[in-house]
Every structure is written in structure tokens, then in C-alpha cells.
Amino acid sequence: MSNIVSFNLAGSRLTLKEMTYLYKLTKTHGCKIFFYKDLEICNVAELTKLVPFTLTAKKTQETYVVVEGEDISAVADKVSKLLEKQEQLASI
């Protein structure tokens, strides 16, 4: 059975290194990670589409990160830690 967990990106931007990290998570754990903003969806597995997708997001725009897969608890923890770090950096 597939599980879904979502996180709010809260207007912060991910670096290319962090986007690559998310991409690697999808490949090593066999899950899917999506970015949602307004009515747009971007799959992290499509790295060439992810970079412009995140660069065009405005700071005030609500963006969500969604993790989908069979056993996603480890991936959800890693994504959560990454986004917590981003929030701390954005508040400086």
C-alpha cells in the first residue's frame, strides 16, 4: 500500500545540491517526491524541470513537497530534516 507525506516548503529555496540529494533519495529508496505550487506539479525525478520550477517560485508562494511510496518513513525523516535546515537558514 502506498503512503503519502507532505511538507510545506514555506517560501525557502533549495540549492542545486539539495535538489540532487532529493533526486538521489528517489532513486535509492524507490519512492517519488513531488513539488506542488499553485496548480503546477513537478516530479523530482525530472531534475531538468525541477530547477526552473523552484527558481520561479516566489518567496511568498506556498510550495509543498510530497513524498509517496511503500515504506517512506526513512525518506520522510530525511526530507523533514532538510526542510528544517532550510527554514533555519531562511530565518537568518
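Just so you know, these numbers use all the heavy atoms, side chains as well, and skip hydrogens, waters and symmetry mates. Positions are given from 1 along the sequence.
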For [X] and [Y], work out which heavy atoms get closest and say how close.
| X | Y | result |
| --- | --- | --- |
| A76 | F7 | O-CZ, 3.4 Å |
| V67 | I72 | O-CD1, 3.7 Å |
| C31 | G69 | CB-CA, 4.4 Å |
| L47 | M19 | CD1-O, 4.1 Å |
| V44 | L22 | CG1-C, 3.7 Å |
| N8 | E62 | ND2-OE1, 2.9 Å |

From [X] atom [atom1] to [Y] atom [atom2], the distance as rounded to the nearest 0.5 Å:
| X | Y | atom1 | atom2 | result |
| --- | --- | --- | --- | --- |
| T63 | F35 | OG1 | CZ | 8.0 Å |
| K78 | S73 | NZ | OG | 10.0 Å |
| E68 | N3 | CD | CG | 9.5 Å |

Check whether [X] and [Y] end up in the same hydrophobic cluster, where Ile, Leu, Val, Met, Phe, Trp and Tyr are linked by side-chain heavy atoms less than 4.5 Å apart.
| X | Y | value |
| --- | --- | --- |
| L55 | F34 | no |
| L82 | Y36 | no |
| I33 | Y64 | no |
| V51 | V65 | yes |

Any pair with a residue in residues 42-55 that passes salt bridge (Lys or Arg N to Asp or Glu O under 4.0 Å), sequence neighbours left out, goes on the list, sorted by first then second residue, please.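 Passing the test, one end in residues 42-55: E46-K49.
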
Please enumerate all residues that pass side-chain contact (heavy atoms from CB on, under 4.5 Å) together with K27, with sequence neighbours excluded. Y23, A45

Do L14 and L50 have side chains that approach each other closer than 4.5 Å (heavy atoms only, starting at C-beta)?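 No, their side chains stay 4.5 Å or more apart.
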
Should we count NZ of K32 as having more than 12 external heavy atoms under 6.0 Å? no

N/O donor-acceptor pair under 3.5 Å between T20 side chain and L16 backbone: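 Yes; judged by distance alone, with no hydrogens or angles, the pair exists.
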
